[in-house]
2 protein chains.
Amino acid sequence: MPLDLIPVPTTASAACCSPAPGPTMDATDAERTARTLKALADPARLRLLSIIAAHDGGEACVCDLTEPVGLTQPTVSHHLKVLAEAGFVTREKRGVWAYYTLVPDAVRALTAHLGAHLLDGPGA
Amino acid sequence: MPLDLIPVPTTASAACCSPAPGPTMDATDAERTARTLKALADPARLRLLSIIAAHDGGEACVCDLTEPVGLTQPTVSHHLKVLAEAGFVTREKRGVWAYYTLVPDAVRALTAHLGAHLLDGPGA
DNA sequence: CCGAGGCATCGACGGATGTCGATGTTGACA
DNA sequence: TGTCAACATCGACATCCGTCGATGCCTCGG
């Protein structure tokens, strides 16, 4: 595109609309990070993770979780599935019970990723 | 409800359904944290924050943000409002332009809060 | 005083999400 | 083998959320 076709802002008094000095988060990364954050952005799921983390060994079965959060068993199962798909917990079936275990590295990876892009960003 | 009406699990072979050893995140805190996380759990808002953080001084005006994210101006304005209400950015109007500034402490507070409840939880 | 431009708000629409009851699946035990 | 219990899946519903076009507000320049 010819540069002389771009209208020069003759009345632009101050310096505004600079393109973006440093590199920013690309669309793919933003989508992945947003999906991971969505898994955490729910009161029930936060409480479930907190209860699991409070248990010895960082694991708990569904029957430990249904009553404290005040939701039905299918709903709790659904939330645990969301957390598992996001990588925050792993599922292990022992006999009749299903034990969910916290994955601390998933939490650490998320917080580190946010910090890298928003705090110690390459542009700062 | 009379306790003797509760059927005793005579066949409960293993130890399951323990109440919860350590203290967990209460409902109010979970709701507040979830609301803050929801503000971040969107690809457009993550990119907006990233672009703002990449600018010098951690501030940018709306005209800097509309084109990179590929959304209309009203949509960008809406996302910025969500981010401002969650405390991640502050708005300052200079002349005709509105400058949004990143609040790093908001990001740090969130990640620290998550870590405190899910990693170095009081029960671990 | 009037026009232009940057930004916020409004109203509406489609899609995603949380919740439930009902049902299926699977393992333990008699 | 049949029954019970724990958990997952399904279908349905209400609600929330992201997006847009249209419009209003406010500031600057003429």
Side-chain angles (χ1 to χ4, degrees), chain A residues 7-18 27 30-31 34-48 52 59-67 69-86 89-100, chain B residues 6-18 27 30-31 34-48 59-67 69-86 89-100:
Chain A
V8 179
T10 54
T11 63
S13 47
C16 189
C17 301
S18 50
E31 194 115 10
R35 248 185 295 124
T36 306
L37 279 168
K38 271 183 204 293
L40 244 62
D42 183 274
R45 290 197 282 269
L46 281 176
R47 298 192 68 190
L48 288 174
I52 294 176
E59 73 171 19
C61 74
V62 180
C63 55
D64 292 333
L65 307 169
T66 305
E67 176 263 346
V69 295
L71 296 173
T72 64
Q73 175 265 322
T75 303
V76 172
S77 202
H78 161 69
H79 284 312
L80 289 171
K81 183 194 185 81
V82 174
L83 287 173
E85 283 173 347
V89 296
T90 57
R91 191 178 94 103
E92 183 197 0
K93 190 147 191 181
R94 286 207 292 267
V96 196
W97 298 292
Y99 285 82
Y100 285 85
Chain B
I6 301 177
V8 179
T10 53
T11 63
S13 46
C16 189
C17 303
S18 50
E31 195 115 9
R35 246 185 296 124
T36 306
L37 279 168
K38 271 183 205 292
L40 245 62
D42 184 274
R45 289 196 284 269
L46 280 176
R47 298 192 70 190
L48 288 174
E59 74 171 19
C61 74
V62 180
C63 54
D64 292 333
L65 307 169
T66 304
E67 177 263 346
V69 296
L71 296 173
T72 63
Q73 175 266 322
T75 303
V76 171
S77 201
H78 161 68
H79 285 312
L80 289 171
K81 183 194 183 79
V82 173
L83 287 173
E85 284 174 346
V89 295
T90 57
R91 192 178 94 103
E92 181 198 0
K93 190 149 193 180
R94 286 207 291 268
V96 197
W97 299 289
Y99 285 81
Y100 284 86

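Just so it is clear: chains get the letters A, B, ... in the order the sequence lines come, proteins before strands, and each one is counted from 1.
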Review point. Could you give the CH2-to-C1' distance, from B/Trp97 to D/dC26, as a whole number of Å?
Key: 14 Å
Point to revise | Residues B/Glu59, B/Arg91: salt bridge by 4.0 Å N-O rule | key: no
Exercise for review: Check whether any side-chain N or O of A/Ser77 sits under 4.0 Å from OP1 or OP2 of D/dA8, and answer yes or no.
Suggested key: yes
**Study point:** Candidate nucleotides C/dT19, D/dA22, C/dC7, ranked by approach to the side chain of A/Leu71 - the nearest
**Key:** C/dT19
Review point. Hey, is the side chain of A/Gln73 pairing donor to acceptor with the base of D/dA8 inside 3.5 Å?
Key: yes
Review point. Is there a donor-acceptor contact under 3.5 Å from the side chain of B/Lys93 to the main chain of B/Ala98?
Key: no
Point to revise | Side-chain N or O of A/Thr72 closer than 4.0 Å to phosphate OP1/OP2 of C/dT19 | key: no
Study note, to complete from the structure: Out of C/dC7, D/dC17, D/dC7, minimum distance to the side chain of B/Cys63 belongs to C/dC7
Exercise for review: Rounded off to whole Å, could you give me the CD-to-C1' distance for the A/Glu92 and C/dG27 pair?
Suggested key: 15 Å
Check your understanding: What is the distance, rounded to the nearest whole Å, between atom CG of B/Leu83 and atom C1' of D/dG18?
Key -> 13 Å
Review point. Is the phosphate of D/dA6, meaning OP1 or OP2, less than 4.0 Å from a side-chain N or O of A/Arg94?
Key: no
Review point. Does a nitrogen or oxygen in the side chain of B/Tyr100 sit under 4.0 Å from OP1 or OP2 of C/dA8?
Key: yes
Practice item. Determine: side-chain N/O of A/Lys81 to OP1/OP2 of D/dT9, distance under 4.0 Å, yes or no. Key: yes
Review point. With a 4.5 Å limit on heavy-atom distance, are the side chains of B/His79 and B/Leu65 in contact?
Key: no
Check your understanding: Taking side chain as C-beta onward, heavy atoms only, is A/Leu48 less than 4.5 Å from A/Val76?
Key -> yes
Check your understanding: C/dA8 C1' sits how many Å from B/Glu85 CD, rounded?
Key -> 13 Å
Exercise for review: Could you tell me whether the SG atom of B/Cys63 lies less than 2.5 angstrom from the SG atom of A/Cys17?
Suggested key: yes
Check your understanding: In whole angstrom, what separates B/His78's NE2 from D/dC16's P?
Key -> 14 Å
Check your understanding: Any idea which of D/dC7, D/dG18, C/dC20 is nearest the B/Asp42 side chain?
Key -> D/dG18
Practice item. Can you tell me the distance, in whole Å, between the CZ atom of A/Arg35 and the P atom of C/dT17? Key: 11 Å
Practice item. Round to a whole Å and report the spacing from NZ of B/Lys38 to P of C/dA16. Key: 16 Å
Check your understanding: D/dA8 phosphate, OP1 or OP2: any side-chain N/O from A/Arg91 under 4.0 angstrom?
Key -> yes
Review point. CG of B/Leu46 versus P of D/dG18: gap in Å, rounded?
Key: 12 Å
Study note, to complete from the structure: Judged by nearest nucleotide, the residue sitting upstream toward the 5' end of DNA chain C, A/His79 or A/Gly95, is A/His79
